[in-house]
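Values reported hereafter were calculated over all heavy atoms of this structure, with side chains retained and with hydrogens, waters and symmetry mates removed.
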Amino acid sequence: MSQALVRIAAGWLLGLMLAVAGAVVAVNLVNSTVASPQQPVREYIDALQAGDGGKALGLLRATVPPSNAAMLDGTALQTSASRLTNIQIGEPEGRPGDRVAVPLEYTIDGSRLKTEFLLEKTGTEWIFFNTWAFVPSRLPTIDITVVNGSEANINGVPVNMPNGRNSFAVFYPGQYEASLNGQYFSAPASRATVTARDTPVAPLNLLTQATGKLKEDVSAKVKEFLDGCAAEAQKQQRLQPDCPFYFASNNRVQDGSIKWSVTEYPNVSIEPFDGRWVVSPLDGKAKVQALQQNSFTGAWYPLDEEVDFSFTTRLDVSGDTVKVTPQLSF
């Protein structure tokens, strides 16, 4: 064989070796990037951040337990994922049975946290490229209760709370914040961070309180009732009207001289009790003025007395409507 043919053959062999080496490098590069176990994790986190619950659920290959699904899509899901910062996907760690664990580190509220995702090799594409998928799992849930309430707000989404409680399926990792900001009832925010599918999540208990608006409206209705009662007692010229207040006297009182007025209105306090909201007993003072005649001397002299009174009410709140029903006993 001539030297020229030898050089040509050597050139072809070198080219082939370089091509093979390049192909091996390309395959390894693909298997360490887009065909790596980290890729499904990247896509899953991207889906959470986009609020695309359908895609996230498909990637995670997770089943949804019997629960409320309000946290699995849209604003609620985006809000949960937005609380993850400084996200880093680590190197796969081998596990038995063609499985790997992919660590994900992130920060929530200043704390550095970690979640491990278990993935399994499902085959190859185009002979050389590995395919990976999450090992099928079940989504975790968060239980939420609200004292004497039937609604709440979770991650910016209003939700119903039948009988004051509900259970919500959630994606992980993420953070979920529940609160109540109603016109008449509110509860400070309470947060739960979910880092894994099998880590127990403490229930979120919303401690509902009556708002200042409710107290104002109830106070106004109590004042309206007492003023109306005093006016009716004066109109009827009665010392013992159908009101929380009355005055007992053995003296004769001159017709047309009786005047009633409320001098101290009750302070309203609203508290939860036995699954409903109750107004604490209402204490106040009223004044009666009149002309009375001494039964022994016959002399007329002024009556000017302040009396204490106390009564209870029934409180009913429905939407934007407040009803206060006095409970009087005679």
query = Is the shortest heavy-atom distance from the side chain of Gln88 to the side chain of Leu104 under 4.5 Å?
reply = no
task = Apply the test side chain to side chain contact (heavy atoms under 4.5 Å, CB included) to residues Leu72 and Val64: give CA-CA distance (whole Å), side-chain angles for both, the deciding distance (0.1 Å), then the verdict.
result = CA-CA 10 Å; Leu72 298 183; Val64 180; 4.0 Å; yes
request  = Measure across Glu116 and Ala101 and return the closest heavy-atom pair with its distance rounded to 0.1 Å.
outcome  = OE1-CB, 4.0 Å
query = Yes or no on side chain to side chain contact (heavy atoms under 4.5 Å, CB included) for Lys114 and Thr195, after CA distance, side-chain angles and deciding distance?
reply = CA-CA 7 Å; Lys114 181 180 178 180; Thr195 59; over 6 Å; no
query = Under a 4.0 Å N-O cut-off, is there an ion pair linking Asp217 with Lys213?
reply = yes
message = I'd like to check the side chain to side chain donor-acceptor pair (under 3.5 Å) partners of Asp98; sequence neighbours left out, ordered by chain and number.
response = none
Set of side chain to side chain donor-acceptor pair (under 3.5 Å) partners for Tyr265, sequence neighbours left out = Asp227
key: Pair Asn148-Thr208, side-chain donor/acceptor within less than 3.5 Å   = no
remark   = Smallest heavy-atom separation, Val253 atom then Ser257 atom, equals CG1-OG, 3.9 Å
query = Pick one: which of Asp283, Leu226, Val218 meets side chain to side chain contact (heavy atoms under 4.5 Å, CB included) with Pro266?
reply = Leu226
task = Report whether Trp300 and Ile258 are members of the same hydrophobic cluster (ILVMFWY, side-chain heavy atoms less than 4.5 Å apart, transitive linking).
result = no
ask   = In Å, rounded to the nearest 0.5 Å, how long is the span from CG of Asp46 to CG of Asp52?
value = 10.5 Å
task = Could you pull out all residues at least two apart from Glu93 that satisfy salt bridge (Lys or Arg N to Asp or Glu O under 4.0 Å)?
result = Arg95
ask   = Does atom CG of Asn163 have more than 12 heavy-atom neighbours from other groups under 6.0 Å away?
value = no
query = Are Val159 and Asn166 side-chain neighbours, meaning at least one heavy-atom pair lies under 4.5 Å?
reply = no
key: Heavy-atom closest pair, residues Ala133 and Thr122   = CB-CG2, 3.8 Å
ask   = What are the two closest heavy atoms between Leu204 and Ala178, and how far apart are they?
value = CD1-CB, 4.0 Å
request  = Kindly compute the distance separating CD1 (Ile108) from OG (Ser82), expressed to the nearest 0.5 Å.
outcome  = 9.5 Å
Student check: side-chain heavy atoms of Leu315 and Val322 closer than 4.5 Å = yes
ask   = Any side-chain heavy atom of Ser190 sitting closer than 4.5 Å to one from Leu206?
value = yes
request  = Any chance you could lay out the side chain to side chain contact (heavy atoms under 4.5 Å, CB included) test for Leu139 and Thr63, step after step, and finish with the verdict?
outcome  = CA-CA 6 Å; Leu139 291 181; Thr63 57; over 6 Å; no
Listed once per pair and sorted, the ring pair (Phe, Tyr, Trp, His ring centres under 6.0 Å) pairs that draw on residues 180-219, sequence neighbours left out = Phe185-Trp277
task = Consider only side-chain heavy atoms of I, L, V, M, F, W and Y, link residues closer than 4.5 Å, and tell whether Val278 and Leu207 are in one cluster.
result = no
query = Quick one: are Val102 and Ile89 in side-chain contact, heavy atoms under 4.5 Å?
reply = yes
ask   = Do any pairs count as a ring pair (Phe, Tyr, Trp, His ring centres under 6.0 Å) and have a residue in residues 57-84, sequence neighbours left out, and if so which ones?
value = none
Phe309, CZ atom: more than 12 neighbouring heavy atoms under 6.0 Å = yes
ask   = Mind checking whether Met161 and Val157 sit in one hydrophobic cluster, side chains of I, L, V, M, F, W, Y counted as touching below 4.5 Å?
value = yes
task = Applying salt bridge (Lys or Arg N to Asp or Glu O under 4.0 Å), run through Glu120 and Arg99 and close with a yes or a no.
result = CA-CA 4 Å; Glu120 59 187 1; Arg99 292 180 174 183; 3.6 Å; yes
Linked, directly or transitively: Phe134 and Ile87 (ILVMFWY side chains, under 4.5 Å) = yes
ask   = Side-chain contact, heavy-atom cut-off 4.5 Å: Lys121 with Asn130?
value = yes
query = Hey, are Ser280 and Glu271 close enough side-chain-wise for a donor-acceptor pair under 3.5 Å?
reply = no
Qualifying residues under salt bridge (Lys or Arg N to Asp or Glu O under 4.0 Å), relative to Arg238, sequence neighbours excluded = Asp242
remark   = The side-chain contact (heavy atoms from CB on, under 4.5 Å) partners of Asn181 (sequence neighbours excluded) come to Ser179
inquiry  = I'd like to check the side chain to side chain donor-acceptor pair (under 3.5 Å) partners of Glu177; sequence neighbours left out, ordered by chain and number.
reply    = Arg191
ask   = What is the distance from atom OG of Ser137 to atom CZ of Arg197, rounded to the nearest 0.5 Å?
value = 5.0 Å
ask   = Is there a donor-acceptor pair closer than 3.5 Å between any side-chain N or O of Gln39 and the backbone N or O of Ser36?
value = no
Heavy-atom pair of closest approach, residues Ser167 and Ser67 = O-CB, 3.5 Å
request  = Treating Ile, Leu, Val, Met, Phe, Trp and Tyr as nodes and any side-chain heavy-atom pair under 4.5 angstrom as an edge, say whether Val288 and Tyr301 lie in one connected cluster.
outcome  = no
ask   = Applying ring pair (Phe, Tyr, Trp, His ring centres under 6.0 Å), which residue pairs with at least one partner in residues 154-177 are found, sequence neighbours left out?
value = Phe117-Tyr172
task = Taking the side chain as every heavy atom from C-beta outward, state whether Trp132 and Val100 have any atom pair closer than 4.5 Å.
result = yes
request  = Check for a donor-acceptor pair, side chain of Asn160 on one end and backbone N or O of Pro162 on the other, with a separation under 3.5 Å.
outcome  = no
Partners passing salt bridge (Lys or Arg N to Asp or Glu O under 4.0 Å) against Arg314 (at least two apart in sequence or in another chain) = Asp316
message = Under the rule for salt bridge (Lys or Arg N to Asp or Glu O under 4.0 Å), what residues qualify as partners of Lys285, not counting sequence neighbours?
response = Asp308
ask   = Counting only heavy atoms not in Asn86, do more than 12 sit closer than 6.0 Å to its CG atom?
value = yes
inquiry  = With a sphere of 6.0 Å drawn around CG of Asp304, does it hold more than 12 non-hydrogen atoms of other residues, nucleotides or ligands?
reply    = yes
remark   = With sequence neighbours left out, the residues meeting side chain to side chain donor-acceptor pair (under 3.5 Å) with Ser186 are none
key: Any donor-acceptor N/O pair, Arg61 side chain to Val135 backbone, under 3.5 Å   = no
task = Count the heavy atoms belonging to other residues, nucleotides or ligands that lie under 6.0 Å from CD of Glu151, then report whether that count exceeds 12.
result = no
inquiry  = Which heavy atom of Gln175 sits nearest to which heavy atom of Ser80, and what is that distance?
reply    = N-OG, 3.2 Å
request  = Output the distance between atom CD (Gln254) and atom CG (Leu303), rounded to the nearest 0.5 Å.
outcome  = 12.0 Å
Ile154 vs Ile144, side chain to side chain contact (heavy atoms under 4.5 Å, CB included): CA-CA, chis, key distance, verdict = CA-CA 10 Å; Ile154 308 176; Ile144 299 178; 3.2 Å; yes
query = Cut-off 3.5 Å, side chains only: do Thr107 and Arg112 have a donor facing an acceptor?
reply = yes
request  = Taking the side chain as every heavy atom from C-beta outward, state whether Val268 and Val279 have any pair of such atoms under 4.5 Å apart.
outcome  = yes
